Amino acid sequence: MALTRLKVIHVQGYLSVLAEELRLRDEFLAHGTPVAQLAQRLELAQVRADALSGQAELSAAKARLTIVEKMRALGTANDVDLLKAQLAVKELEMEIQRLAARLRATK
């Protein structure tokens with residue numbers, strides 16, 4: 001179920017970027033908006049979509065970490081499983097920080 005939800009969020013992000021690209025193309029054709037400005041707005045839409053997907057992935061990774069911690073306490077998961085789950089959370093946190101920095105730089 002969680003995997004399906006993540007896929008839906010990824011697809012929604014992709015579709016939102018695609019919709020923004022179409023809006024920007026129409027704006028260029030109708031008003032002649034400078035390409036640099038449109039490219040910046042498209043990048044902003046992409047970063048926002050990536051950030052939303054990253055947040056969803058982080059939530060799923062944290063939930064998995066909680067499960068692995070409980071499994072380890074019961075003896076059904078080992079240290080390697082726990083370390084993998086912890087690493088996944090840390091990597092996603094770093095990715096979200098990188099996206100936040102990109103978002104601040106793009107605005």
Side-chain angles (χ1 to χ4, degrees):
M1 181 69 173
L3 182 60
T4 303
R5 185 171 169 214
L6 285 176
K7 285 184 181 184
V8 167
I9 291 169
H10 282 287
V11 170
Q12 285 174 334
Y14 174 77
L15 290 175
S16 71
V17 171
L18 186 59
E20 182 65 13
E21 187 175 336
L22 291 173
R23 276 192 295 276
L24 294 173
R25 182 176 292 144
D26 287 344
E27 183 177 327
F28 175 76
L29 294 173
H31 305 291
T33 306
V35 173
Q37 181 183 356
L38 297 174
Q40 184 179 18
R41 288 170 43 197
L42 182 60
E43 181 183 1
L44 182 62
Q46 181 65 55
V47 171
R48 285 181 178 154
D50 291 346
L52 287 174
S53 293
Q55 285 288 358
E57 288 180 30
L58 179 60
S59 294
K62 285 182 176 180
R64 172 152 170 60
L65 176 59
T66 301
I67 291 168
V68 171
E69 287 171 340
K70 290 177 182 178
M71 289 173 63
R72 186 171 179 278
L74 295 172
T76 58
N78 59 32
D79 290 341
V80 173
D81 296 326
L82 181 60
L83 289 173
K84 284 180 183 178
Q86 289 171 337
L87 179 62
V89 169
K90 293 295 181 190
E91 286 176 338
L92 288 166
E93 287 173 343
M94 287 176 46
E95 177 66 15
I96 288 171
Q97 288 175 357
R98 186 186 65 77
L99 288 169
R102 243 179 96 195
L103 190 58
R104 284 189 299 272
T106 304
K107 284 187 176 182

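Side-chain atoms are counted along with the backbone in the values below, which use heavy atoms only and exclude waters and symmetry mates. If you're wondering where the values come from, they're calculated on a predicted model, not measured in any experiment.
The two residues Leu65 and Ala85 make their nearest non-hydrogen contact at CD1-CB, 3.7 Å. The two residues Leu92 and Ala61 come nearest to each other via the heavy atoms CD1-CB, 3.6 Å. Nearest heavy-atom pair across Ala45 and Val17 is O-CG2, 3.7 Å. Closest approach of Leu82 to Arg72, counting heavy atoms only: CD2-CD, 3.5 Å. Counting all heavy atoms, side chain and backbone alike, Thr33 lies closest to Phe28 at O-CD1, 3.2 Å. Taking each heavy atom of Ser16 and Arg23 in turn, the nearest pair found is O-NH2, 4.5 Å.
Note that CG of Leu42 and CD of Glu21 are 5.5 Å apart. Values are rounded to the nearest 0.5 Å. Taking CG of Asp81 as the reference point, atom CD of Gln86 lies at 11.0 Å (rounded to 0.5 Å). Asp26 contributes atom CG, which lies 9.0 Å from atom NE2 of His31 (distance to the nearest 0.5 angstrom). Taking CD of Gln55 as the start and CD1 of Ile9 as the end, the distance is 10.5 Å to the nearest 0.5 Å. Between Leu29 atom CG and Leu24 atom CG the span is 11.0 Å, to the nearest 0.5 Å.
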* Output, in order, the C-alpha distance, side-chain angles, deciding distance and verdict of side chain to side chain contact (heavy atoms under 4.5 Å, CB included) for Lys62 and Glu93. => CA-CA 10 Å; Lys62 285 182 176 180; Glu93 287 173 343; 3.9 Å; yes
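When the shell of 6.0 Å around CZ of Arg41 is examined, it contains more than 12 heavy atoms from other residues, nucleotides or ligands.
A 4.5 Å side-chain heavy-atom check between Glu27 and Leu38 finds at least one atom pair inside the cut-off. Using a 4.5 Å cut-off on side-chain heavy atoms (C-beta onward), Leu87 and Leu83 make no contact.
When the side chains of ILVMFWY residues are joined at heavy-atom separations under 4.5 Å, either directly or via intervening members, Ile96 and Val89 end up in a single hydrophobic cluster.
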